[in-house]
Protein chains: 2
Amino acid sequence: MGSDNARIGRPRSEQARQSILHAADDLLVDVGYAAMTMKGIAERAGVGRQTLYRWWTTKAEILLEATIDDLLEELTTPAEPDPVEDLSTYLRALGRFLLDDPAGLAYRALVGEAQHDPAVRDLVRTADPLGTSARAVLDRVRRTAPAMPDPALCTAHLVGPVVYQVLTAQTALPDTELRAHVTDLVARWSTATGSA
Amino acid sequence: MGSDNARIGRPRSEQARQSILHAADDLLVDVGYAAMTMKGIAERAGVGRQTLYRWWTTKAEILLEATIDDLLEELTTPAEPDPVEDLSTYLRALGRFLLDDPAGLAYRALVGEAQHDPAVRDLVRTADPLGTSARAVLDRVRRTAPAMPDPALCTAHLVGPVVYQVLTAQTALPDTELRAHVTDLVARWSTATGSA
DNA sequence: GTACAAACGAGGCATTAAGCCTCGTAAGTC
DNA sequence: GACTTACGAGGCTTAATGCCTCGTTTGTAC
């Protein structure tokens with residue numbers, strides 16, 4: 001599908017760009033990722049197909065650009081003094097986001113496509129919107145949790161269960177489980193170590 | 001793509017079926033999931049395309065059937081007396097499996113496709129091979145961990161971080177992190193409760 | 001304001017896979 | 001040995017991809 005040549009720049013008209021990104025977003029919600037086509041995006045946006053191919057290589061690229069701002073905004077939760085509360089709030093928001101929000105649907109579709117297409121894998125890994133949002137929360141917690149390891153590992157431990165549950169079961173984890181999970185993590189990160 | 005009509009039964013010749021399943025498996029490794037086609041599978045297996053459409057609806061269905069046995073076998077780890085050791089061994093095997101094993105590659109591709117196609121989502125959720133394998137290990141641990149909640153939740157907590165890390169970063173979690181994670185889980189499941 | 005160049009909408013094109021259809025053939029059953 | 005069902009082969013319609021060429025518009029240089 002996608003070749004190697006990367007497009008640089010943007011459409012001349014910012015309004016056209018917004019039309020395209022909105023068209024992609026709407027199409028995803030309307031027909032799903034599989035039935036979403038470059039042709040369909042172009043038609044819904046009222047632009048020529050070549051305009052799409054000029055600035056983007058795949059529908060995944062368009063979709064990521066269309067949703068990344070919403071994604072980062074939705075996953076920015078207010079700081080709370082208690083670390084457990086802070087992280088729980090974040091995970092609750094994450095679960096809701098992945099299940100119900102259009103941008104969450106887009107993120108799931110992109111992670112899915114990343115399993116099929118190496119170019120999309122690199123794209124999502126580089127943007128890493130979920131990791132970025134998690135890092136923001138984890139940085140707040142770090143003051144009270146000196147034993148926190150590498151942020152990437154923390155992120156995986158923190159969000160892994162939630163993401164796994166949504167990807168495989170289309171379900172959110174119950175609140176009590178979320179709290180227990182976060183409590184364990186904070187305890188381990190606060191004291192010297194939690195294992196052998 | 002996939003309609004609603006479910007195929008029942010199998011090819012008349014078991015040998016033909018094996019050829020098809022092997023062809024699907026090989027094709028996945030050779031060209032990746034995206035470039036894998038029904039046409040390609042049929043040609044490599046030396047069967048007519050209609051034979052594929054007669055018994056399966058999508059390449060995902062073929063792939064799942066082709067790899068589910070390997071998958072369950074690879075993720076069956078020997079019992080160990082210490083629960084922490086038992087679960088750690090399982091998670092280590094899971095990480096290796098998802099990263100390196102052809103059946104692990106297939107599982108990732110299927111989870112990816114499940115984000116695009118509701119039919120595949122149901123298919124994978126019903127088969128739930130990873131959940132099945134995790135349950136086997138968790139059942140062994142249950143004796144020493146009376147406070148374990150719903151197996152589905154336990155599975156999400158146990159394997160979530162590992163799966164997330166592989167899906168998003170194509171990386172395994174380090175051994176020390178795995179142990180710390182498992183230690184926390186076992187501690188919580190052993191005592192009355194780990195949260196408020 | 002006029003000239004120029006780049007991007008644009010439109011749509012034609014070759015290529016390819018999906019999924020259905022119909023052939024004639026090869027198995028298994030009674 | 002007749003009947004039935006699956007089979008391989010491949011033709012077909014439809015539709016998306018990604019490239020191409022047409023005018024035409026639009027923003028900039030003079």
Side-chain angles (χ1 to χ4, degrees), chain A residues 1-24 26-28 30-63 65 109 113 116-120 123, chain B residues 1-24 26-28 30-63 65 109 113 116-120 123:
Chain A
M1 195 168 283
S3 322
D4 38 282
N5 53 337
R7 312 294 192 265
I8 337 147
R10 297 178 159 191
R12 192 155 58 187
S13 148
E14 178 63 22
Q15 184 194 318
R17 176 169 166 269
Q18 291 299 333
S19 301
I20 292 165
L21 299 183
H22 274 122
D26 293 351
L27 258 185
L28 178 73
D30 280 7
V31 306
Y33 186 83
M36 186 179 159
T37 66
M38 293 293 256
K39 193 169 180 274
I41 297 170
E43 278 167 5
R44 185 178 278 229
V47 303
R49 265 176 296 157
Q50 199 55 31
T51 300
L52 262 58
Y53 287 112
R54 187 163 10 239
W55 304 113
W56 297 278
T57 54
T58 59
K59 59 180 175 175
E61 212 172 292
I62 301 177
L63 195 59
E65 189 171 328
E113 186 70 359
H116 303 158
D117 184 339
V120 176
L123 201 69
Chain B
M1 197 169 283
S3 323
D4 38 282
N5 53 336
R7 312 293 192 266
I8 338 149
R10 297 178 159 192
R12 191 155 57 185
S13 149
E14 177 63 19
Q15 183 194 319
R17 177 168 166 270
Q18 291 299 334
S19 302
I20 292 164
L21 299 184
H22 274 123
D26 293 352
L27 259 186
L28 178 71
D30 280 8
V31 306
Y33 186 82
M36 187 179 158
T37 66
M38 294 293 257
K39 195 170 179 274
I41 297 170
E43 278 167 4
R44 185 179 278 230
V47 304
R49 263 175 295 159
Q50 200 54 32
T51 300
L52 262 58
Y53 287 111
R54 187 163 10 239
W55 303 113
W56 297 277
T57 53
T58 58
K59 57 179 176 175
E61 212 172 292
I62 302 178
L63 196 59
E65 189 171 329
E113 186 70 359
H116 304 157
D117 185 339
V120 176
L123 200 69

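Below, chains carry the letters A, B, ... as their sequence lines are ordered, and counting in each starts from 1. No hydrogens, no waters, no symmetry mates; every other heavy atom, side chains included, goes into these values.
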Practice item. Using only heavy-atom distances, decide whether a donor-acceptor pair under 3.5 angstrom links the side-chain of A:R49 to the base of D:dG18. Key: yes
**Study point:** Residue A:Q50, side-chain atoms from C-beta onward, closest of D:dA16, C:dA10, C:dA27
**Key:** C:dA10
**Study point:** Interatomic distance, A:R44 CZ vs C:dG9 C1' [rounded to whole Å]
**Key:** 19 Å
Review point. If we only count heavy atoms from C-beta on, is the A:R17 to A:W55 side-chain gap below 4.5 Å?
Key: no
Point to revise | Side-chain touch B:E65/B:I62, heavy atoms, less than 4.5 angstrom | key: no
Check your understanding: Hey, does the side chain of B:H116 reach the backbone of A:A109 with a donor-acceptor pair shorter than 3.5 angstrom?
Key -> yes
**Study point:** Between P of D:dC20 and CZ of A:R54, the distance in whole Å
**Key:** 12 Å
Review point. Nearest to the side chain of A:Y53, which nucleotide is it out of C:dA17, D:dA6, D:dT17?
Key: D:dT17
**Study point:** Euclidean distance, atom CG of residue A:D117 to atom C1' of D:dT17 [Å, nearest integer]
**Key:** 14 Å
Study note, to complete from the structure: From the candidates C:dA7, C:dA18, D:dG8, the one with an atom nearest any side-chain atom of B:T51 is D:dG8
Practice item. Whole angstrom is fine here: how far is it from CD1 in B:I62 over to P in C:dG19? Key: 11 Å
Exercise for review: Check every strand shown and say whether B:G46 touches a base, only sugar-phosphate, or nothing at a heavy-atom separation below 4.0 Å.
Suggested key: sugar-phosphate
Practice item. May I have the distance from B:W56 (atom CH2) to C:dG19 (atom C1'), rounded to whole angstrom? Key: 16 Å
Check your understanding: Side-chain N or O of A:W55 less than 4.0 angstrom from OP1 or OP2 on C:dA6?
Key -> no
Exercise for review: Check step by step if salt bridge (charged side-chain N to carboxylate O under 4.0 Å, His left out) holds for A:E113 and A:K59.
Suggested key: CA-CA 10 Å; A:E113 186 70 359; A:K59 59 180 175 175; over 6 Å; no
Point to revise | Length of the line joining B:E14:CD and D:dC7:C1', which is rounded to integer Å | key: 16 Å
Point to revise | Closest to side chain of A:R12, choosing from C:dA6, D:dG8, D:dT17 | key: C:dA6
Check your understanding: Of the candidate nucleotides C:dC8, C:dA18, D:dA16, which contains the atom at the shortest distance from the side chain of A:T37?
Key -> D:dA16
Practice item. Indicate yes or no: at least one non-hydrogen side-chain atom of B:D30 is less than 4.5 angstrom from one of B:R44. Key: yes
Review point. What's the closest nucleotide to the A:K39 side chain, out of D:dT17, C:dA7, C:dA18?
Key: D:dT17
Exercise for review: May I have the distance from B:I41 (atom CD1) to C:dG19 (atom P), rounded to whole angstrom?
Suggested key: 12 Å
Exercise for review: Let me know the distance between CG of B:L52 and P of C:dA18, rounded to the nearest Å.
Suggested key: 10 Å
